[in-house]
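I have placed the structure first, in the form of structure tokens, so that the comments after it can refer back to it.
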Amino acid sequence: MARNKYPEETRNLIVDTAARLFVEKGYERTSIQDIINNLGGLSKGAIYHHFKSKDEIMNAVADKLYAGATEKMNEIVRRKDLTGLEKLRMVFQASIYSSAQEELFAAAPDMLDNPQLLSLFIRNSVQQEAPAMIQPILEEGIADGSICTDYPKELAEVLMLMGNLWLNPLVYHCDTLQLINRMRFFQQMLRILGLDIIDDEMFVPLEKYAQLYQEHQERR
């Protein structure tokens with residue numbers, strides 16, 4: 001078999017095709033064979049050369065969807081004209097208003113039924129993003145006086161755990177009202193900690209994502 005001269009193009013084709021199918025059919029109803037059937041003649045071996053499982057493909061899809069939002073958040077982190085608290089608020093806004101959220105909720109992977117996908121998601125959120133992005137912001141806020149905590153590392157991990165897991169219907173199944181109540185509790189808890197970073201306007205896209213998730217669940 002001839003060596004693939006364009007491995008990156010092949011990988012991108014797999015990710016783009018999978019992303020479209022996940023949104024159209026849902027993650028659970030899309031099989032590896034469905035992806036193969038839409039790759040224009042590529043073999044199963046081509047997929048497994050790049051990805052070990054469908055979970056890994058979903059993780060690559062999520063990475064690509066969130067690439068723009070991640071770059072925007074990194075730009076916020078690098079800014080010199082904001083306090084740590086202002087940066088934290090803007091990072092949360094960028095995350096919630098990301099267009100990738102809508103596409104991910106439309107695909108609606110059930111992470112509790114996909115432990116490998118859940119493990120990758122936790123690893124990315126808590127072990128990578130928390131120390132690389134959130135903790136430095138908290139430490140900046142401590143230095144400039146806008147944030148008060150003796151535990152920036154632990155607070156960064158809790159923010160990511162609650163924001164990305166506890167508030168995520170793909171992990172903790174809930175209806176729209178339950179999700180809004182959780183968000184209001186999270187908002188109140190953060191204010192007690194001196195972190196007034198969640199505006200009421202952020203509830204609007206959150207309701208939309210919850211409705212997308214519920215619609216997907218009703219179609220299953």
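The shortest distance between side-chain heavy atoms of Arg78 and Asn74 falls below 4.5 Å. Side-chain contact between Leu167 and Leu206 is absent, with no heavy-atom pair separated by less than 4.5 Å. The shortest side-chain heavy-atom distance between Asp34 and Arg29 does not fall under the 4.5 Å cut-off. At a threshold of 4.5 Å between non-hydrogen side-chain atoms, the residues Ser125 and Leu165 do not count as touching. Glu129 is listed as a side-chain neighbour of Asn164, based on a closest heavy-atom distance under 4.5 Å. The closest side-chain heavy-atom distance from Met58 to Val61 is below 4.5 Å.
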Ile32 and Tyr48: CA distance, side-chain angles, deciding distance, side chain to side chain contact (heavy atoms under 4.5 Å, CB included) verdict: CA-CA 10 Å; Ile32 289 288; Tyr48 285 111; 3.9 Å; yes
Between Leu88 and Ile134, is the side chain to side chain contact (heavy atoms under 4.5 Å, CB included) condition met? List the steps.
CA-CA 7 Å; Leu88 192 62; Ile134 305 303; 4.2 Å; yes
For the pair Leu159 and Leu190, evaluate side chain to side chain contact (heavy atoms under 4.5 Å, CB included) and give the outcome as yes or no after the intermediate values.
CA-CA 9 Å; Leu159 290 176; Leu190 292 179; 3.4 Å; yes
Decide salt bridge (charged side-chain N to carboxylate O under 4.0 Å, His left out) for Lys64 and Asp16; before the verdict, give the C-alpha distance in whole Å, the side-chain angles of both, and the deciding distance to 0.1 Å. CA-CA 9 Å; Lys64 185 165 186 176; Asp16 290 343; 2.5 Å; yes
- Might you work through the salt bridge (charged side-chain N to carboxylate O under 4.0 Å, His left out) test for Glu139 and Lys87, ending with a clear yes or no? CA-CA 11 Å; Glu139 290 171 346; Lys87 286 185 180 183; over 6 Å; no
Pair Thr149, Leu193 - check side chain to side chain contact (heavy atoms under 4.5 Å, CB included), show working. CA-CA 8 Å; Thr149 180; Leu193 293 173; over 6 Å; no
One pair to check against salt bridge (charged side-chain N to carboxylate O under 4.0 Å, His left out): Lys153 and Glu157. What are the steps and the verdict? CA-CA 6 Å; Lys153 178 179 185 297; Glu157 292 173 354; 2.8 Å; yes
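Side chain of Gln187 to main chain of Ile198: a donor-acceptor pair is present (N/O by atom type, distance under 3.5 Å, no hydrogens or angles). Although no hydrogens or angles enter the test, the distance criterion places no donor-acceptor pair under 3.5 Å between the side chain of Asn181 and the main chain of Gln178.
For the atom pair Ile57 CD1 and Ile35 CD1, the distance stands at 4.0 Å (nearest 0.5 Å). Between atom CZ of residue Arg79 and atom CD of residue Glu86 there is a gap of 8.5 Å, rounded to the nearest 0.5 Å. Distance CD1/Ile47 to NZ/Lys54: 11.5 Å, rounded to 0.5 Å. Leu21 contributes atom CG, which lies 5.5 Å from atom OG1 of Thr30 (distance to the nearest 0.5 angstrom). Here OG of Ser95 is found 7.5 Å from CE of Met160. Values are rounded to the nearest 0.5 Å. Rounded to the nearest 0.5 angstrom, Met90 CE and Ile76 CD1 are separated by 4.5 Å.
Note on ring orientation: taking the six-membered ring where Trp is involved, the planes of Phe92 and Phe186 are tilted (angle from 30° to 60°).
Among residues two or more places apart in sequence or in another chain, the salt bridge (charged side-chain N to carboxylate O under 4.0 Å, His left out) test is passed with Asp175 by none.
The two residues Ile180 and Glu207 have their closest heavy-atom pair at CD1-CG, 3.3 Å. For the pair Arg184 and Asp200, the tightest heavy-atom approach, listed with the atom from each and the gap, is NH1-OD1, 3.8 Å. Heavy atoms only, all atoms of each residue included: Leu195 and Leu85 are closest at CD2-CD1, 3.9 Å. The two residues Ile137 and Gly84 make their nearest non-hydrogen contact at CG2-O, 3.2 Å. Shown here for Met133 and Val91, the closest heavy-atom pair between the two residues is SD-CG1, 4.2 Å. Annotation for Ala130 and Pro136: closest pair O-CD, 4.3 Å, computed over non-hydrogen atoms.
Between the side chains of Asp144 and Ser146, at least one donor-acceptor pair of N or O atoms lies under 3.5 Å.
Checked against Arg11 for a side-chain contact (heavy atoms from CB on, under 4.5 Å), the options Ile14, Val15, Leu13 give a single hit: Val15.
Other residues, nucleotides and ligands contribute at most 12 non-hydrogen atoms within 6.0 Å of the NZ atom of Lys72.
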